[in-house]
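Everything on this sheet refers to the single structure shown next.
Just so you know, these numbers come straight off a predicted model, no measurement behind them.
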Amino acid sequence: MSRFWNRRVQDLHPYIPGEQPRIANLLKLNTNESPYAPSPNVLQAIRDSANDDLRLYPDPTAMDLRTAIAERFGTSAAHVFVGNGSDEVLAHAFRALFHDDEPVLYSDVTYGFYPVYCSLFDQPFRFIPLNDRFEIEIDDYDGPCGGIVIANPNANTGIALPLAKIETLLKRHPDRTVIIDEAYVDFGAESAIALTHRHDNLLVVQTLSKSYALAGLRVGFAIGSLELIEGLVRVKDSFNSYPLSRPAQAGAIAAIQDTGWLSEITSRVITSRERLVPALENLGFQVLPSCANFILMRHSTQPAGPLAAALRDRSILVRHLSTPRIQNWLRVTIGTDEACTRLTDALQDILVPRS
């Protein structure tokens, strides 16, 4: 604690990102990054943007990128907002669109940044427990609130909520913003973007970090009604009018337009996930049904902490989270087939050591 910090900073418990160590022959299965490279078109677009124009500010409205996103998802650029990763987009949404006279609602197992944003912005909140199957029960979200945020598929569980239930939630809270955070939607869930045409209280947030293999580019976007987007723009332009560099905008446009590459690498991840799950179950793990590029698993007899440590000793990183409901579970990013085999071989060695 510092005498120079204000009360808000003193009370903060910042989000802790996944570990990024420098270990030889490291297999990183802890931060849900793509095991595959970005589209070659993206890399070429970024190279082409590295020219004399870098002396100039980028377009503060990112109009070309917003237009590309709008064309891809069947809306207009006026309904699209972009930012420096979906984390920034979400932060602006918490600041602009949630009412502080009632608590924001989100599940007890979800993305760890949500409580951080609430603390940072003095936003009251209330977490809603998942059911015994780690699913969201929308009936539990009835009643007054300052807004609702749901990760779909849910962060840390990978379980997706059907669109019919999302629409029911939207109808029950017509005067409050409902954010659907779709960071992992391309790995097996259905996007709620189409619902934005019927519900002006819905903001759908996506990122290029996962399915587009661009975690290092830092681009996220939101689609919603004109009223919601204008609120985000007002906050953005009171904070940083130029959140996306010229190379970021150029690369993001190429990524959005290369749907073939997106389909190819997400299909590979899904196939690897479906192969990995039964292999883990054969080793005694319970694995939650996932529509994401990760799985949540726990062993029938072995605690999560020692398992994570033993994997680290073998240069394999997985995520052991401290959230009470899942503190004996491990979150594992889906890698290539070769990476999945290395993981299961290591677990076999840990669980059934050679004599």
Side-chain angles (χ1 to χ4, degrees), residues 6 8-9 12 14-15 45-46 49 53-73 75-101 104 111 113-114 116-123 125 146-149 175-183 193 196-197 199-209 212 214-253 255-256:
N6 61 30
R8 182 178 291 118
V9 171
L12 278 180
Y15 175 77
I46 293 172
S49 72
D53 286 344
L54 289 178
R55 76 186 192 280
L56 304 173
Y57 285 111
D59 176 9
T61 70
M63 180 54 73
D64 289 344
L65 173 56
R66 289 167 50 223
T67 298
I69 293 170
E71 291 175 350
R72 164 78 187 285
F73 292 102
T75 186
S76 69
H79 291 268
V80 179
F81 179 85
V82 296
N84 189 252
S86 62
D87 287 338
E88 183 181 73
V89 175
L90 287 165
H92 290 339
F94 271 65
R95 188 62 169 159
L97 305 176
F98 287 154
H99 292 262
D100 59 10
D101 57 338
V104 165
Y111 187 31
F113 243 130
Y114 300 161
V116 175
Y117 295 144
C118 288
S119 178
L120 180 62
F121 301 133
D122 284 334
Q123 171 67 53
F125 66 91
I148 296 170
V149 58
D175 298 319
R176 288 293 183 260
T177 302
V178 177
I179 298 175
I180 302 299
D181 181 359
E182 295 186 342
I193 287 175
T196 62
H197 299 298
H199 301 280
D200 62 2
N201 59 329
L202 170 62
L203 187 77
V204 177
V205 179
Q206 290 195 15
T207 178
L208 272 62
S209 294
Y212 293 87
L214 289 170
L217 200 64
R218 310 310 304 134
V219 178
F221 63 91
I223 294 178
S225 65
L226 296 179
E227 187 176 2
L228 296 181
I229 297 303
E230 176 59 25
L232 295 177
V233 172
R234 288 172 67 87
V235 170
K236 189 261 296 185
D237 287 341
S238 301
F239 177 74
N240 178 12
S241 295
Y242 302 97
L244 293 182
S245 67
R246 286 175 174 269
Q249 293 185 37
I253 291 169
I256 290 292

- request: Would you mind reporting whether Leu228 and Asp200 have side-chain heavy atoms less than 4.5 Å apart?
  value: no
message: For Gln206 versus Glu182, what's the shortest heavy-atom pair and its separation?
response: NE2-OE1, 2.9 Å
message: Just to verify, what does Thr207 make a side chain to side chain contact (heavy atoms under 4.5 Å, CB included) with, not counting sequence neighbours?
response: Ser86, Ala183, Ser209, Lys210
message: Tell me every residue that passes ring pair (Phe, Tyr, Trp, His ring centres under 6.0 Å) with Phe125, counting only those two or more places apart in sequence or in another chain.
response: Tyr106
task: Indicate yes or no for a side-chain donor-acceptor contact from Ser119 to the backbone of Val116 under 3.5 Å, with no hydrogens or angles considered.
output: no
message: Angle between ring planes, Phe94 versus Phe98, binned at 30° and 60°: parallel, tilted or perpendicular?
response: perpendicular
- prompt: How are the rings of Tyr57 and Tyr242 set to each other: parallel, tilted or perpendicular (split at 30° and 60°)?
  reply: parallel
- prompt: For Arg72, does the CZ atom sit with more than 12 other heavy atoms under 6.0 Å from it, leaving out its own atoms?
  reply: yes
field: Side chain to side chain, Leu244 and Leu65, heavy atoms closer than 4.5 Å
entry: yes
- request: Return the orientation label for the Tyr111 and Phe113 ring planes: parallel under 30°, perpendicular over 60°, tilted otherwise.
  value: perpendicular
query: So does Glu227 have more than 12 non-hydrogen atoms from other groups sitting under 6.0 Å from CD?
result: no
task: Go through the structure and list residues passing salt bridge (charged side-chain N to carboxylate O under 4.0 Å, His left out) with Arg176, not counting sequence neighbours.
output: Asp101
- prompt: What is the minimum heavy-atom distance between Pro243 and Glu88, and which atoms define it?
  reply: CB-OE1, 3.3 Å
